[in-house]
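Report on the following structure.
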Amino acid sequence: MPKVLWLPGAERDPIPGLSTAPFENEANPAWKLLIHTTEGPTYAAARSSYVRNQFAPQVTVGPNPAKAKTVKAWQHYPLNSRATTLADKPGGIRPNRDHVIQVEIVGFADLEQAARHGRWLGVDQWPEWYKAGVAKILRELMDACGIPRRCTVRWVRYPQSYGTNASQRLSTKAFDDYAGILGHQHAPENSHGDPGDISAFVRDYLLGEEDDDVAAKADDILKKLTELDTKLAAARRALGERHNLRRREYEALLFNVQQNEDHLKEVRKKLAELEAKVNALGCVKGGPE
Ligand SMILES: [Zn+2]
C-alpha cells in the first residue's frame, strides 16, 4: 500500500463526477508507473477533457501556469484508488485496477500536433527544466508507492505504437506480472500509442540516481565521517588519560623505590655503626662467663 495517499507537493484537484475505487485484491501485487501524454498544450486543456470524458489519472504533471519554466503536479485520486485513464472493459484483465499508478504528462506523443501547438512539448523535444521537473514528481510517486525503478519494456514512437496489436504491447499475463515503469502503449486491451518513445527520458531521469540522491548520499557519508572523527578524538583522549595515569603511577612507584632505598641506606648505616660498636667491644672478649 502507498506510504502517502496524497503527494505533499501536488495540488489536490478531484474531477467532478469521478469516484474512487480500490485496486484488485492481489497477494503479491506488481506495482507499475504508467505514463501517458495529454496530447494537449496545457493542464487546463487536459482537465476540461477529464471533466468532459469522465476519466482521470491519479496525477497530472505539466508546465506551472503561475511560474515560467517550472513544473507543477495536480492529483485527482488518492494513491490507494485506481485511476480511470485506461480502457478497462469488464472481463479479461482490468488494467486500471492492476496496481497501476497513472500519470498524464502535459505534452505530445503526436509530433505533428506538437508542431502545431508548441514544438517543445513534443516528447522528443522536452527541455532540460521540463524533464527534470517531471522526473522529480515521478520519482516521488514511485517512492511513495514502492514502484521499482526498473523498465524492461520497448518504447515505440507514435503513430507506430498505436493499435491493440502493436508490437510493443504486453500480453495480459506480462502486464499483470510487470513491476516498474511503462506506458499506455504497453497496456493490453488498449489501443492508444502514447507517450511515444520516451526511452531516453526514462533511462536518464527515472532509472539512474538523481543528483539529489547523490547529494543526499554525500551528506550521509560526511555525517558518518564527522561521527567517526568525534569517536576517534574521544578514543585518543581516553588513551592519553590512561597513558598519563600510568606515568603518574610509575612516578609514584619510582618515588617509593627511592624512599625505600634511602631507608635501606639509613638502616645499613645504622647496622655499620652497630657493627663498629660491637667490634669495639671485642677488646672485652671473653667477659664474664
Ligand atoms: Zn494515454
Side-chain angles (χ1 to χ4, degrees), residues 1-5 7 9-10 23-24 26-37 57-61 71 73 75 77 79-83 85-86 93-105 107 109 123-124 126 128 130-158 160-161 166-190 192-217 220:
M1 268 293 117
K3 285 180 227 157
V4 292
L5 296 188
L7 277 186
F23 292 107
E24 218 70 83
E26 283 184 80
N28 292 305
W31 284 89
K32 316 171 210 320
L33 177 75
L34 190 142
I35 298 172
H36 301 265
T37 36
Q58 278 96 349
V59 174
T60 304
V61 291
V71 172
Q75 191 172 345
Y77 288 105
L79 297 178
N80 63 352
S81 170
R82 62 89 184 89
T85 339
L86 292 170
I93 196 172
R94 301 291 305 272
N96 281 323
R97 298 180 183 237
D98 199 27
H99 299 87
V100 185
I101 298 294
Q102 302 185 48
V103 176
E104 288 272 4
I105 301 174
V123 292
D124 62 337
W126 289 345
E128 203 60 37
Y130 196 56
K131 287 189 278 194
V134 167
K136 183 168 184 288
I137 293 157
L138 299 190
R139 280 194 308 270
E140 280 170 17
L141 259 180
M142 287 192 279
D143 288 347
C145 301
I147 300 167
R149 284 195 198 183
R150 71 186 278 274
C151 178
T152 56
V153 291
R154 193 164 57 85
W155 299 90
V156 173
R157 281 169 70 99
Y158 183 86
Q160 288 76 19
S161 58
S167 64
Q168 81 287 343
R169 207 170 291 282
L170 300 181
S171 67
T172 52
K173 167 86 169 75
F175 184 76
D176 187 31
D177 291 345
Y178 187 83
I181 304 161
L182 76 178
H184 195 170
Q185 62 173 243
H186 302 108
E189 302 172 14
N190 277 253
H192 287 194
D194 59 304
D197 180 7
I198 58 164
S199 53
F201 168 69
V202 170
R203 183 192 62 229
D204 296 342
Y205 288 84
L206 300 183
L207 298 184
E209 288 190 337
E210 197 259 350
D211 289 351
D212 284 357
D213 296 342
V214 175
K217 268 188 193 156
D220 214 42

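By convention here, the first residue in the shown sequence is residue 1.
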TODO: Decide whether Ser167 and Arg154 meet the rule of one side-chain donor and one side-chain acceptor closer than 3.5 Å.
DONE: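 Result is yes, a qualifying pair exists.
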Task: Donor + acceptor pair across side chains of Glu24, His99 (<3.5 Å) - done: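 Not at all, the side chains of Glu24 and His99 share no donor-acceptor pair under 3.5 Å.
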To the nearest 0.5 Å, how far apart are [atom1] in [X] and [atom2] in [Y]?
X: Lys131; Y: Ile198; atom1: NZ; atom2: CD1; answer: 11.5 Å
X: Phe201; Y: Leu138; atom1: CZ; atom2: CG; answer: 5.5 Å
X: Arg97; Y: Glu26; atom1: CZ; atom2: CD; answer: 12.5 Å
X: Ser199; Y: Arg157; atom1: OG; atom2: CZ; answer: 10.5 Å
X: Leu34; Y: Ile101; atom1: CG; atom2: CD1; answer: 10.5 Å
X: Cys151; Y: His186; atom1: SG; atom2: NE2; answer: 7.0 Å

Measure the shortest side-chain to side-chain distance between [X] and [Y] over non-hydrogen atoms and say whether it is less than 4.5 angstrom.
X: Ile35; Y: Leu206; value: yes
X: Ile147; Y: Lys32; value: no
X: Gln168; Y: Ser161; value: yes
X: Val71; Y: Tyr130; value: yes
X: Asn190; Y: Pro95; value: yes

Open item on the list: Quick one, His192 with Gln185, criterion side chain to side chain donor-acceptor pair (under 3.5 Å). Give me CA distance, side-chain angles, the key distance, then yes/no.
Closed with: CA-CA 6 Å; His192 287 194; Gln185 62 173 243; over 6 Å; no
Task: Criterion side-chain contact (heavy atoms from CB on, under 4.5 Å) on Leu207 and Ile181, from CA distance to verdict - done: CA-CA 9 Å; Leu207 298 184; Ile181 304 161; 3.8 Å; yes
Got a donor-acceptor contact below 3.5 angstrom from the [X] side chain to the [Y] backbone?
X: Lys3; Y: Cys145; result: no
X: Glu140; Y: Leu7; result: no
X: Gln75; Y: Gly9; result: no
X: Gln58; Y: Ser81; result: yes
X: Asp194; Y: Thr37; result: yes

- [ ] Using the side-chain contact (heavy atoms from CB on, under 4.5 Å) rule, take Arg169 and Phe175 through it: C-alpha gap first, then chi angles, then the decisive distance, then the call.
- [x] CA-CA 9 Å; Arg169 207 170 291 282; Phe175 184 76; over 6 Å; no
Open item on the list: Using every non-hydrogen atom in the two residues, find where Ala73 and Val59 come nearest and quote the distance to one decimal.
Closed with: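 For Ala73 and Val59, the tightest heavy-atom pair comes out as CB-CG1, 4.3 Å.
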- [ ] Could you pull out the closest heavy-atom pair between Pro57 and Glu104, with the gap in Å?
- [x]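 Result for this residue pair: CG-CG, 3.4 Å.
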Task: Lys173 and Asp177 ion-paired at < 4.0 Å - done: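 Judged by the 4.0 Å cut-off on N to carboxylate O distance, Lys173 and Asp177 do form a salt bridge.
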Open item on the list: By the definition side chain to side chain contact (heavy atoms under 4.5 Å, CB included), identify the one residue from Leu182, Leu141, Val202, Val100 that meets it with Leu33.
Closed with: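 The side chain to side chain contact (heavy atoms under 4.5 Å, CB included) with Leu33 is passed solely by Leu141 among Leu182, Leu141, Val202, Val100.
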Open item on the list: Between Val134 and Tyr205, does the side-chain contact (heavy atoms from CB on, under 4.5 Å) criterion hold? Intermediate values first, please.
Closed with: CA-CA 9 Å; Val134 167; Tyr205 288 84; over 6 Å; no
Task: Centroid-centroid distance, Tyr178 to Trp31, less than 6.0 Å - done: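 Between Tyr178 and Trp31, the centre distance exceeds or equals 6.0 Å.
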Open item on the list: I'd like to know whether Gln102 forms a side-chain contact (heavy atoms from CB on, under 4.5 Å) with Leu86, so could you lay out the CA-CA distance, the side-chain angles of the two residues, the decisive distance to 0.1 Å, and finally the verdict.
Closed with: CA-CA 9 Å; Gln102 302 185 48; Leu86 292 170; 3.5 Å; yes
